Protein chains: 2
Amino acid sequence: MQPSDSLREQIIAQYDAMSAQLQQAARYVLEHPEEVALVSMREVARLAGVQPATMTRLAKFLGLPGYDELRAQHAAALRQGSDGFAAKVRQRVDEGSERGACDTASHMLQGLSAQLAKLCEPDSLRQLEATATRLRSARKVYVLGLRSCHAVAWHFHYVMTLLGERSVHLDGPGGTGGDGLIRATSEDVLLVISIKPYATGTLELAQLAKDKGAGIVSITDSEVSPLVGMSAQTILCPTETDSFFHTLTPALAVSEVLCSLLAEFDRPKTLDALQQADDHLSHLNTYATAIPRRQ
Amino acid sequence: MQPSDSLREQIIAQYDAMSAQLQQAARYVLEHPEEVALVSMREVARLAGVQPATMTRLAKFLGLPGYDELRAQHAAALRQGSDGFAAKVRQRVDEGSERGACDTASHMLQGLSAQLAKLCEPDSLRQLEATATRLRSARKVYVLGLRSCHAVAWHFHYVMTLLGERSVHLDGPGGTGGDGLIRATSEDVLLVISIKPYATGTLELAQLAKDKGAGIVSITDSEVSPLVGMSAQTILCPTETDSFFHTLTPALAVSEVLCSLLAEFDRPKTLDALQQADDHLSHLNTYATAIPRRQ
DNA sequence: AGATATTTGCAACAAATAAATCATTTAAAT
DNA sequence: ATTTAAATGATTTATTTGTTGCAAATATCT
């Protein structure tokens, strides 16, 4: 929360060596770090009761190239303070001056890690639980995710088939994916996954399901996603990376959490279902080794 | 923590009535409130990918006198968030006070976050880089992942098709998935994804590819995975969770990192390829460009 | 299809900004 | 008390900022 602790400590350490005006400026900076980050230098100077030039001189006195650097450091501190838990993980390799592949990879993984951590915030958790509850009471759960979101949709459906036979994946060869909705009713729920850019097919099918009275719950990327308006529950998850592509890792994580919550709702039933799946698959020699029993 | 909730809600409420550029600007503002408070308008515009003027227009559209007011409100929110412990205390309380579902969800997400962070260790990063390098030089990249690993395999393949035409997904209807390997040569590489329990189909196909002289690289879950022995490069990623299921989130993250590294190897070519994909998809109206206005 | 709004990109502008420069004051040393 | 050095204030300068006006492009409606 403090602006780049090292800088703060440096100001304190060198305070005694400063001239009167410099001390007055430094004191204000220490006591009002947010202002330094948020308002112009001249305004900070006015608030601190010193000349604008004094702020420049303070920055140089601290060994910085200019006042902008002083502001930048305070801004960075404020940024980190704002988005909570997430930032901590990132702190380590912030300024990767070296552009190696390992650095790129590391930076990206840390970013993803931070995004998952961010999903632990109360708002997200509440949405997760509400969505799981809604899915739990559905007669059938239709799952829809096209293009990049196919991966998430399919994985959710796959896990659900291990748990029972309520899940219907809206996908298939020959463009027949939507046919699953033919007998959809108001007792059913459609889980739809879509991130920007939103596939038209996804939106159309979701609208169709809604027209049929089915409940809609969604995993998407923004409050202003077109899915938000038509969904009874929405789980928001970040998709930004510093690479060319959007990430689906948080969306997959969310999907996995949903599966877990659904499984936990009725443990005995879940164990039964997994046992059945186990038997079935081992009869088919699907796996090189039998599915290990998990409690 | 959010910028003056009323303003935020107003942006969301009026979002549908905005033009495309305005929406893009508004979306960035919603998703990066700290940046709005901390950097100049022109910089925000650059980050959001819109013209500077659009930011001014956004502010006026929202009924504000100018952009400065937009920034001021975000700055005020950030000021509160930073030194007001109140928000965070409230979060902690909310979190601690209640329910099992939220706890399990939170715990699971934190676990996943930690697993991704662990992938940043030097050993893993080296494997990632080596694997990316190997994939880079391949004539064709076959991608194989069955059952639960289908999600990861498909997503990798999907991204690779956006980048070029080297990728072949070994999957398809009617059990013809393996046919892609008919003309595989020693210039090719097979990326195989499999976690315990290992699908026999995966191992057989991988062995077949190896017999044909293709290079094998793999994403798997253990040093003692059957894939390790037949692979030139292996990336290990954790799959443990405290729920009934194994997680594929780390595997997906690894796959995404690989895609990024491959994309970074030749940025200009990547940008060209993405542009082509973009053109193609927009001709097909694959994506909803504007969200239908509601009066 | 043509006509009419609306949206969008570009360039120019005035205002404000941080830094550099110079002049004046203040403190310290001889 | 005079000289010298440092500190402070005022002024100037080159950028950068947010805004506005206008033409091209796009969408919308008869």
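Only this structure's heavy atoms are used, side chains among them; waters, hydrogens and symmetry mates stay out. Just so you know, these numbers come straight off a predicted model, no measurement behind them. Order of the sequence lines sets the chain letters (A, B, ...), proteins ahead of strands, with each chain counted from 1.
With a 4.5 Å cut-off on side-chain heavy atoms, A/Thr220 and A/Ile193 do not count as touching.
Five base pairs at each end of the helix from C/dA1-D/dT30 to C/dA29-D/dT2 define two local axes, and these are offset by 20° (rounded to 10°).
A/Tyr198 and A/Asp221 share a donor-acceptor pair across their side chains, judged by distance under 3.5 Å alone.
Taking CG from A/Leu205 and OG from A/Ser194, the interatomic distance works out to 11.5 Å, rounded to the nearest 0.5 Å.
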Name the atoms and distances for all side-chain donor-acceptor pairs under 3.5 Å in residues 230-239 of chain A, with sequence neighbours left out.
from	atom 1	to	atom 2	distance (Å)
A/Ser231	OG	A/Ser218	OG	2.9
A/Ser231	OG	A/Leu227	O	2.6
A/Thr234	OG1	A/Ser218	OG	3.4

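Here side chain to side chain donor-acceptor pair (under 3.5 Å) pairs that include residues 42-64 of chain A, with residues two or more places apart or in two chains, are A/Glu43-A/Arg46. Residue pairs satisfying the salt bridge (Lys or Arg N to Asp or Glu O under 4.0 Å) criterion with at least one member in residues 191-220 of chain A, sequence neighbours excluded, are absent.
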A/Thr249/B/Glu256 under side-chain hydrogen bond (donor to acceptor under 3.5 Å, both in side chains): CA gap, chis, key distance, verdict: CA-CA 8 Å; A/Thr249 299; B/Glu256 289 188 328; 2.7 Å; yes
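Look at CG on B/Leu70: it is 17 Å from P on D/dT17, rounded to the nearest Å.
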How does protein contact run along nucleotides 8-19 of chain C, one letter per nucleotide 5' to 3', with B for base contact, S for sugar-phosphate only, - for none, heavy atoms under 4.0 Å? BBB------SBS
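With sequence neighbours excluded, no residue forms a ring pair (Phe, Tyr, Trp, His ring centres under 6.0 Å) with B/Tyr67.
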